[in-house]
Amino acid sequence: RELPGAYINTEELETNDLEKNVESLAISQKSEDWSPKKKKNKKKTGGGGGKKGSMNTDLGQCNSSDDEQNSRFTLEIENQTLTAVRSGNTKLFTQTIQLLQDEYGEQECYEETRKLLNKSLGDQKLSYLHFAAQGGHSGLIGKLLELGCDPSVKDKAGRVPYSLAKDKETRAAFIKSRSLHPDKYDWKKALVPEPLSQEELELKENREKEKKKAKQQMRKEKLKLQKEEQKQKKEEAEEKARYLALSDREKRALAAERRILAASSGENTVAKTVVLNRCFLCGQDITGKVPFTYNDNNFCSIACVKKHRTST
């Protein structure tokens with residue numbers, strides 16, 4: 001149908017529409033041919049990669065869990081060993097070594113124990129043998145050396161465990177281990193002296209026995225002197241109490257009697273056993289001293305004289 005004032009060529013419109021339809025059909029066929037293959041390829045590649053990835057992640061998780069368990073076990077062993085060594089707990093130390101033996105084989109256990117015991121700890125780089133020597137735990141030192149703890153290992157300051165030994169017993173434990181295992185370690189580097197021979201040990205034991213006997217004899221004599229002094233003090237206190245219980249007349253008579261006794265027999269011999277002169281007020285022994293005299297009465301001090309004057 002024609003519109004007024006316009007001319008339309010129908011042949012050109014039909015040809016153009018046909019060409020557009022053909023192109024759209026060709027594009028749709030191409031998309032239908034190729035799109036499923038791409039999807040299939042994607043699915044295949046995606047599916048295969050997922051299985052392999054899941055297997056890899058499972059293996060990685062297993063390895064990581066094993067590593068975590070090993071690290072936890074090692075950390076627990078180290079903490080227990082350090083606690084046992086620092087506190088001198090031989091029982092806990094034996095239990096810790098038993099855990100290592102249960103976990104590893106015989107040869108592997110020896111290697112793991114040696115690595116553990118020779119590990120440097122803290123800022124000062126101290127070994128377990130350093131801690132045992134510092135604490136004076138002589139019972140643990142022999143066990144540590146027997147299990148492979150090297151006595152020549154130095155700390156940050158360049159000190160070997162023997163130089164940190166707390167007392168004589170601790171040093172003796174090192175020397176005893178050297179006599180039992182002379183070729184196991186470099187004892188010269190560890191500064192551990194050579195053990196004494198059998199004759200030297202016997203001489204040393206005899207000297208120690210003689211010293212002990214002399215000390216015991218001195219203690220007995222000291223106790224004997226202390227008992228004698230206590231006895232004399234007790235007798236002196238009793239005699240003083242008896243003197244103070246006397247009346248003034250009896251005190252003067254007793255003093256005169258003592259003076260006569262001292263004059264008849266030598267003063268030096270009597271003074272050792274008998275008190276010749278006492279304070280008239282407090283009864284203090286003033287034999288051989290210059291007394292304070294008042295009204296023919298002897299006093300040990302001016303304070304006693306004042307008290308006597310005020311009381312009378």
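Index from 1, following the sequence.
Gly139 and Lys143 get closest at one heavy-atom pair: O-CG, 3.9 Å. Considering every non-hydrogen atom in both Thr90 and Leu140, the closest pair reads CA-CD2, 4.1 Å. For the pair Leu191 and Tyr162, the tightest heavy-atom approach, listed with the atom from each and the gap, is O-CD2, 3.3 Å. When all heavy atoms are compared, the tightest approach of Pro161 to Ala133 is O-CB, 3.3 Å. Minimum heavy-atom separation, Cys279 to Phe299: SG-CA, 3.7 Å. Taking both residues in full, the closest heavy atoms of Ile141 and Ala132 are given as CG1-CB, 4.0 Å, listed atom of the first, atom of the second, then distance.
For the pair Asn118 (side chain) and Gly148 (backbone), a donor-acceptor distance under 3.5 Å is present. Formation of a donor-acceptor pair under 3.5 Å by the Asn295 side chain with backbone atoms of Asn297 is not found in this model. Checked by atom type and distance alone, the side chain of Trp187 never pairs as donor or acceptor with a backbone atom of Ile175 at under 3.5 Å. Remark: the backbone N or O of Gly283 is not paired with any side-chain donor or acceptor of Lys240 at under 3.5 angstrom. With His130 contributing its side chain and Ser127 its backbone, the two residues share a donor-acceptor pair below 3.5 Å.
A continuous path of Ile, Leu, Val, Met, Phe, Trp and Tyr side chains, each step under 4.5 Å between heavy atoms, connects Tyr294 with Leu246, placing both in one hydrophobic cluster. One hydrophobic cluster holds both Leu99 and Leu117 under the rule that ILVMFWY side chains link at heavy-atom gaps under 4.5 Å. Under the 4.5 Å side-chain heavy-atom criterion for grouping Ile, Leu, Val, Met, Phe, Trp and Tyr, Ile302 is connected to Phe280 within one hydrophobic cluster. Placement of Val85 and Ile77 within a single hydrophobic cluster is found when ILVMFWY residues are connected by side-chain heavy-atom separations under 4.5 Å, directly or transitively. In the hydrophobic cluster analysis, where Ile, Leu, Val, Met, Phe, Trp and Tyr join through side-chain heavy atoms closer than 4.5 angstrom, Tyr128 is grouped together with Leu126.
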Q) Yes or no on salt bridge (charged side-chain N to carboxylate O under 4.0 Å, His left out) for Arg278 and Glu236, after CA distance, side-chain angles and deciding distance? A) CA-CA 12 Å; Arg278 288 186 178 274; Glu236 174 69 19; 3.2 Å; yes

(message) For Ser163 and Val160: C-alpha separation, side-chain torsions, deciding distance, then whether side chain to side chain contact (heavy atoms under 4.5 Å, CB included) applies.
(response) CA-CA 6 Å; Ser163 62; Val160 292; 4.0 Å; yes

request  = Kindly determine whether Glu202 and Asn206 satisfy side chain to side chain donor-acceptor pair (under 3.5 Å), including the steps that lead there.
outcome  = CA-CA 6 Å; Glu202 289 178 357; Asn206 292 330; 6.0 Å; no

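The distance from atom CD of Gln101 to atom CD1 of Ile97, rounded to the nearest 0.5 Å, is 7.5 Å. How far NZ of Lys168 is from CZ of Arg171: 8.5 Å, rounded to the nearest 0.5 Å. Atom OG1 in Thr81 sits 7.0 Å away from atom CG in Leu100 (nearest 0.5 Å). Atom CD of Gln216 and atom CD of Glu221 lie 12.5 Å apart (nearest 0.5 Å). Atoms OG and NE2, on Ser87 and His137 in that order, are 6.5 Å from each other to the nearest 0.5 Å. For the atom pair CG of Leu203 and CD of Glu200, the computed distance is 7.5 Å after rounding to the nearest 0.5 Å.
Between Leu145 and Leu180 there is no side-chain heavy-atom pair separated by less than 4.5 Å. Side-chain contact between Gln95 and Leu92 is present, with at least one heavy-atom pair separated by less than 4.5 Å. Counting only heavy atoms from C-beta outward, the side chains of Lys204 and Arg207 never approach each other to under 4.5 Å. The shortest side-chain heavy-atom distance between Val153 and Leu129 does not fall under the 4.5 Å cut-off.
Surrounding CG of Asp123 are at most 12 heavy atoms belonging to other residues, nucleotides or ligands under 6.0 Å away. Within a 6.0 Å radius of CG in Leu75, more than 12 heavy atoms belonging to other residues, nucleotides or ligands are found. Within a 6.0 Å radius of NZ in Lys306, other residues, nucleotides and ligands contribute 12 heavy atoms or fewer. For CD of Glu238, the number of neighbouring non-hydrogen atoms (other residues, nucleotides, ligands) closer than 6.0 Å is greater than 12.
Using a cutoff of 4.0 Å between basic side-chain nitrogens and carboxylate oxygens, Glu228 and Lys231 are not scored as salt-bridged.
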